[in-house]
Amino acid sequence: MPYRRTTLSKFIIEDQRRTATPEPGLTSLLNDIQTACKLIAVAASRGAVAVVGGVQTQVNVQGEQQKPLDVIANDIMVGTCEWGGQLAGMVSEEMDQPYDIPALYPRGRYLLVFDPLDGSSNIDVNMPVGTIFSVLRCPEGVSEPTLEDFLQPGTAQVAAGYAIYGPTAMMVLTLGAGVHGFTLDPEIGAFTLTHPGMTIPTETREFAVNVSNERFWEPPVRRYVDECIEGAAGPRGADFNMRWIASMVAEVHRILVRGGLFMYPRDTKDITKPGRLRLMYEANPMAMIMEQAGGAASTGRRRILEIAPEGIHQRVPVILGSRTEVERLVRYHAEYDAGTDAPFTTPLFNARSLFRTA
Ligand code: AHG
Ligand code: MN
Ligand code: MN
């Protein structure tokens, strides 16, 4: 029944109708966010055909060189979401400080936190990228939020989601009651409900981690990956598959569709950074989606959603995906911290290691 399909706009309105305490402003804000994601999808799809001359890029607060599309996506998010009267402020990966809503626009009761373009190292090689967002409430009585007003744990998120710009553009959203996926129908320019009630298989035989960092990992992470690679002959008794797309959005999307484990764990590559990914606009929204889809998200030592943020650009270790695998990694961390993990002695990772040549 093509005329009866559920667009994202319709889905949000109907969801709010069912809620005991509807928030009309949230409907309006999510509408602006989906418009921004459509604009970014178009910008990303044009690739080298687009004329991007004149875009000023710099080294961002993360210490990373921006790509033109990082800047364009950030401008789109800001410009599309600032005017509607629903936001009191924004935080972005690409902006050092919180963004103040210009005085000419009314202020609203929400805070928007986002990574405008995730996986931007994939842009030059035409691989999937995405946008990640998290919606928080502005503290009661505050109309001009300061940085501290943004420092809320992930459990306080009102909504979270991402858009993925792959062969098709999709938007995946949680409003705190399940996870739903919408595919952009380019013919009518509308995200359309195609993946209602997404759930993650509890167990998996697929993991995603940047193995080039193996020498910097903590022992519990090495133990987990070593055991996976040992396959059917090892303690897991099964062969595992590995993927690494270098785009968190793409890895999370794969896990939502077919299960798996993704991690960017704590490492010692740069001891000033306790992880690669950022808590407020990468880890928290994805952790909410994981939990809402029946999965889990942890640093290895604590639930991501319960971390009290200390900074808007704070980094954290991230382990997320199928519940039993995340729980196994949490157990390995606990055993390591308690000194009760048996020294791991697989021939694959000692003298004849794939990764150690000595
Ligand atoms: P961003 O492009 O927003 O900086 O995020 C990239 C992140 C994440 O998407 C991905 O999981 C990870 O960085 C990739 O890291 P490596 O380059 O170390 O593989
Ligand atoms: Mn990112
Ligand atoms: Mn980014």
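Counting starts at 1 for both ligands and their atoms, in listed order. Because the structure is a prediction, the values reported are computed rather than measured. If you read the sequence from its start, that first residue is 1, and numbering goes on from there.
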(message) Test your reading of the structure: does Val249 have an N or O sitting under 3.5 Å from an N or O of ligand 1?
(response) no

(request) State whether the shortest distance between N or O atoms of Met248 and N or O atoms of ligand 1 falls below 3.5 angstrom. (result)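 So ligand 1 has an N or O lying under 3.5 Å from an N or O of Met248.
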
(request) Measuring from the Mn ion (ligand 2), name the closest N, O or S atom belonging to Glu282. (result)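 Restricting Glu282 to its N, O and S atoms, the minimum distance to the Mn ion (ligand 2) goes to OE2.
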
(request) Just give me the atom name: the N, O or S atom of Asp118 closest to the Mn ion (ligand 2). (result) OD1

Check whether the side chains of [X] and [Y] place a donor and an acceptor atom closer than 3.5 Å, and report yes or no.
X: Tyr332; Y: Glu227; answer: yes
X: Asn213; Y: Tyr264; answer: yes
X: Gln66; Y: Glu94; answer: yes
X: Arg278; Y: Gln62; answer: yes
X: Asn74; Y: Ser92; answer: yes

Region of [X] engaging ligand 1 - heavy atom pairs below 4.0 Å:
X: Phe262; value: side chain
X: Ser247; value: backbone
X: Gln62; value: neither
X: Glu282; value: side chain

Please identify which atoms of ligand 1 are closer than 4.0 Å to at least one heavy atom of [X].
X: Asp115; result: 3 (O)
X: Arg276; result: 4 (O), 6 (C), 7 (C), 13 (O), 15 (O)
X: Glu64; result: 4 (O)
X: Leu117; result: 2 (O), 3 (O)
X: Glu93; result: 1 (P), 3 (O), 4 (O)

(message) Just checking Ile188: does its CD1 atom have more than 12 heavy atoms from other residues, nucleotides or ligands closer to it than 6.0 angstrom?
(response)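 Result for CD1/Ile188: enclosed.
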
Mark yes or no for whether [X], through its side chain, and [Y], through its backbone, hold a donor-acceptor pair below 3.5 Å.
X: His195; Y: His180; answer: no
X: Thr19; Y: Asp15; answer: yes
X: Glu282; Y: Leu279; answer: no

For residues 248-261, tabulate all N or O donor-acceptor pairs below 3.5 Å that involve a side-chain atom, not counting sequence neighbours.
unit_1: Glu251; atom_1: OE1; unit_2: Arg254; atom_2: NH1; d: 3.0
unit_1: Glu251; atom_1: OE1; unit_2: Arg254; atom_2: NH2; d: 3.0
unit_1: Glu251; atom_1: OE2; unit_2: Ile245; atom_2: N; d: 2.6
unit_1: Glu251; atom_1: OE2; unit_2: Ala246; atom_2: N; d: 3.1
unit_1: His253; atom_1: ND1; unit_2: Tyr162; atom_2: OH; d: 2.7
unit_1: Arg258; atom_1: NE; unit_2: Glu206; atom_2: OE1; d: 3.0
unit_1: Arg258; atom_1: NH2; unit_2: Glu206; atom_2: OE1; d: 3.0
unit_1: Arg258; atom_1: NH2; unit_2: Glu206; atom_2: OE2; d: 3.1

(message) Below 2.8 Å, can you find an N, O or S atom of Asp115 next to the Mn ion (ligand 3)?
(response)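 True for Asp115.
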
(request) Decide, counting backbone as well as side-chain atoms, whether Leu117 has an N, O or S atom less than 2.8 Å from the Mn ion (ligand 3). (result)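 Given the 2.8 Å cut-off, Leu117 counts as a ligand of the Mn ion (ligand 3).
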
Of the protein's non-hydrogen atoms, which lies at the shortest distance from [atom], and what is that distance?
atom: atom 19 (O) of ligand 1; answer: Trp244 NE1, 2.9 Å
atom: atom 7 (C) of ligand 1; answer: Leu277 CD2, 3.7 Å
atom: atom 5 (O) of ligand 1; answer: Asp118 OD1, 3.2 Å
atom: atom 12 (C) of ligand 1; answer: Tyr264 CE1, 4.0 Å
atom: atom 4 (O) of ligand 1; answer: Arg278 NH2, 3.1 Å

(request) Would you give the length of the straight line joining atom CD1 of Ile319 to atom CG of Leu329, rounded to the nearest 0.5 angstrom? (result)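 It is 4.5 Å, given to the nearest 0.5 Å.
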
(request) Look up atom CG in Leu111 and atom CD1 in Ile101, then write down how far apart they are to the nearest 0.5 Å. (result)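 That separation rounds to 9.0 Å.
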
(message) Looking at every non-hydrogen atom in both residues, tell me the closest pair between Asn284 and Gln157 and how far apart they are.
(response)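 Scanning both residues completely, I find the closest heavy atoms to be O-NE2, 3.1 Å.
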
(request) Establish whether atom 17 (O) of ligand 1 and some protein heavy atom are separated by less than 4.0 angstrom. (result) no

